[in-house]
Amino acid sequence: MFFSPELGHYALALACIIATAQGIFPFIGLYYRNSLLINLTYRLAYGQCIALSVSFLCLIYAAVTNDFSVENIAMNSAVSKPLLYKITGVWGNHEGSILLWAFILSLCGTVVSLFGRHSLPTSLKARVIAILGLIAAGFELFCLTTSNPFMRIFPAPWDGQGMNPLLQDPGLAFHPPILYAGYVGFAVPFAFAIAALLEGHVDAAWGQWVRPWAITAWCFLTCGIAAGSWWSYYVLGWGGYWFWDPVENASLIPWLTGTALIHSAIVVEKRNTLKIWTILLSIGTFSFSLSGTFLVRSGILNSVHAFANDPARGIFILGLLGIVIGGSLLLFAYRAPLLTETNSTLFEPLSREGMLLLNNILLCSLCAVVLTGTLYPPFMAILTGQTISVGKPFFDATTIPLAIPLFIAMGIGPMLPWKRAHLWPLLNKLWFVIALTAIAALIASHKFYGLLPLVCATIAIWIIIASLSDIAQRVALLRAPFLTSINRACALPRSVIGVAIAHIGVGITVLGISAMSQAQHLIVEMPIGTTKHLAGYDWTLTGIAKKPGPNYMALVATLEVRNNGKLIATLHPARRHFNTQNQTIAHVSIASLPFADLYSVLGKQRTIDHTTTYVLKLHYNPLASWIWGGALIMVIGSAFSFSDRRNNHFRHILHRQHLSPSVIEAL
Amino acid sequence: MTRKIRRLWFVVIFIACFGTAIGLILRAFSSDIVFFVTPSQIVFSPLSYHRVVKLGGMVVAGSVHWKKHTETPTVTFDVTDGLKAITVIYRGILPDLFREGQSVVVIGTTTPQHTFIASEVLAKHDETYMPKEVADALRKSGKWDPRFGPPPSDIR
């Protein structure tokens, strides 16, 4: 009984106190120039992380040992639940997810303390860790006072209420930690931005520290969004992948500003300009992450009534958000004028930085559009009492026209030199790309119905070809001997290759999305042994069987898909009946071919005149898996550019700064 | 290129992007927004037949009927807010959480015969959940049934 809920509760309270100390000591230390207090900060960051891991372990232990005297476990777990979901169910609910949130934040603080030990200037690092500590303290206090996962109930029930069967899926089990790592990861660029505002100083080196953090957080967020979309594709059984639901939009908004941030940080790093804007983006991205997680997940955005249910929780969240977001924006308004731009922000429109600026403007307008579409319904509900919903038609009509110029610029941007480019050499580089894209578009026009999907697919191909041709031109492929090209390719900076890979990933995702608009589906009632025809395939229902699962009873169909008599895939869509919740869930079966997904859902069975028929929903989803494959390639590309050895160069410069005693005196 | 022209470029691009964004939002607001209606609203003040709306209410117990022996399963059911009922026609698989006597939200268009052609039937949540719009509509019509528990403002 070592890992008791009381120990967890105590560890959480301890973490909250340590975090408060972590947030206050550095400022006192910097004020009185006391290096002891500053050095203590790093140890406090480790301590907070250890305390929270103990707390988290206690909650997992309670879930695994079926301790239903803990209210959170009784509400969300059951004896019959498989072990994996007992563990992952810990973060599948509001209380547990906030504990996970705080745990990841403390992990970020620990990593900053560990990795920045020698490279970061003392004062900046101390402030960054202090700000992370203050944010953590706020959320740990929120967890303790209004959503305590360790609350006991009396009398303890014999069995828990169980978990929503839809959430009992391995994909969803690891989706929240990844997504949260993305959300919380943006706390580090935020802390860097606040620290820079406090110091009144930003330089190219600041951009170099922030960018790896922003990229890491962005990679996690991208993975998290892709995993969430994949889950909704293969679990919910509606055949689509993105619902434009407020919860999804809440993750997309920080992703858009985060994408803008990793691009504008390049300009800070390379040209030592656009600094104020990058600081604002850092603040904005984290603010959107915070409001996304807390406003949406707590249900306040979806329903005004969520407030009435638990006023303490709602007011605490709003207060906390107000302090973090309002406070940082106030600080920004007050201190940003101090950060003078060394170079003029006004650069040539046709240059690398000009294109990066265009990227930022377009991403921010996209973000504004998604934000408006998400916030409009709840505001209308409060103001006029009219209930409206804003869905796919709205977002399609508003985001696609803004995304198209963004994608066009994406192909051109990496080809341009810094400072100043000329139109003629650019066109000289581009004519080949344009010609290839036109040919590809002609081929695609046979496969695509409708103008808009064709335009989107063409632009996706444009991104891919432009990125490839940029690399080809850099290594002088076909112009120089092949060996020279290979040598050149090896000598290319990793960031250049990373950018090309990430952009190709975007192209693949966009191509997948365009192709998905051509998806076909059929809803049919089939007796066993019949065949239906969809999208050039013959789908035959060959049998139905009953199979027991760990905590459900399943009805499994066998569906053979043939193309011209040749067996392509055997699908096993099923319906699972969960006794604990008395719920039946359709279990989707998908066969992923390289160019399409064959997707099937089993519906209800019905017996008429002694023949039993089964309702089946059959989908033919062209290039569906490319959507998530592209996201994975984006992440690989970003991670690759992250490993650029030029990122390590600055360590030497910093090392010098770290040794100089003037740092603390300069305060 | 002089400083002035560069600044002009910057301003033009900035205004063009955000102007386009605002224009697109306004255009989409006038055509692509889906309003939530109750069955009595459809009966008392008929809507344009092209307008896609969300209809919410309770499924009348015993009103679910399947059309027999058709290629695609077609189902009809009545949705009520306690004052009036509308017959909904839907071709497709009903969600697993669809139950007679429970709340439902459907998306689709009305027909001149006061029926509703649904393109989507939403029941994404577990059976204890009631969509907020439906709960509001029921409370407004004064037909909140205490058998379903306390009014939803008290349920989380």
Side-chain angles (χ1 to χ4, degrees), chain A residues 164 166 236-238 299 302-306 308-310 344-349 354 357-358 361-362 364-366 368-369 372-373 376-377 386-399 401-402 405 522-525 575 581-586 601 603-604 606 608 615-617, chain B residues 1 3-7 9-10 12-14 16-25 27-29 31-37 52-54 56 66 68-74 91-97 105 107 120 124-128 131-133 135-137 151-156:
Chain A
N164 187 345
L166 278 177
L236 295 184
W238 60 295
N302 292 353
S303 138
V304 191
H305 299 292
N309 301 333
D310 200 341
S344 153
T345 336
L346 298 167
F347 13 73
E348 288 288 324
L357 186 65
L358 180 66
I361 294 173
L362 284 167
C364 288
S365 8
L366 267 172
V369 161
T372 315
Y376 188 70
Q386 196 163 33
T387 317
I388 54 165
S389 66
V390 169
K392 192 175 183 304
F394 173 87
F395 288 105
D396 277 355
T398 50
T399 54
L402 288 170
L522 189 67
I523 298 168
V524 285
E525 268 195 281
R575 286 175 73 74
Q581 292 89 356
N582 192 24
Q583 268 193 55
T584 309
I585 297 294
V601 189
K604 286 183 176 138
R606 209 144 57 87
I608 306 162
V615 177
L616 278 157
K617 204 169 155 196
Chain B
M1 210 181 274
R3 232 185 121 70
K4 215 173 179 179
I5 295 179
R6 278 194 211 173
R7 186 174 297 157
W9 262 105
F10 178 74
V12 164
I13 291 174
F14 189 83
C17 291
F18 276 90
T20 316
I22 292 168
L24 289 167
I25 290 174
R27 211 192 62 147
F29 270 164
S31 59
D32 294 328
I33 277 188
V34 180
F35 285 89
F36 180 85
V37 293
V52 175
V53 290
K54 259 189 187 180
W66 290 86
K68 282 174 188 175
H69 297 301
T70 45
E71 176 77 345
T72 302
T74 306
R91 289 163 68 87
I93 307 182
L94 288 171
D96 300 318
L97 296 171
V105 172
I107 301 177
E120 244 177 285
K124 273 171 69 180
H125 301 271
D126 56 283
E127 77 266 22
T128 52
K132 184 197 143 244
E133 300 101 323
D136 281 350
S153 64
D154 307 339
I155 309 172
R156 195 149 25 94

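- Among the candidates B:Val52, B:Asp32, B:Ile33, the single residue satisfying the side chain to side chain contact (heavy atoms under 4.5 Å, CB included) test with A:Pro393 is B:Asp32.
- The OG1 atom of A:Thr372 sits 11.0 Å away from atom CG of B:Leu24, with the distance rounded to the nearest 0.5 Å.
- Contacts of A:Leu358 with chain B are made by side-chain atoms alone, with heavy-atom separations under 4.5 Å and no backbone atom involved.
- When each of A:Val390, A:Asp396, A:Leu402 is checked for heavy-atom pairs under 4.5 Å with chain B, A:Leu402 comes out on top.
- Contact count against chain B (heavy-atom pairs under 4.5 Å) is highest for A:Thr398 among A:Leu616, A:Thr398, A:Thr399.
- Here the shortest heavy-atom pairing between B:Cys17 and A:Ile361 reads CB-CG2, 3.5 Å.
- Contacts between A:Tyr376 and chain B at a heavy-atom distance below 4.5 Å involve the side chain alone, from C-beta outward.
- The minimum heavy-atom distance linking A:Ala368 with B:Phe18 is given by the pair CB-CE2, 4.5 Å.
- Interface residue B:Arg91: only backbone heavy atoms are found under 4.5 Å from chain A.
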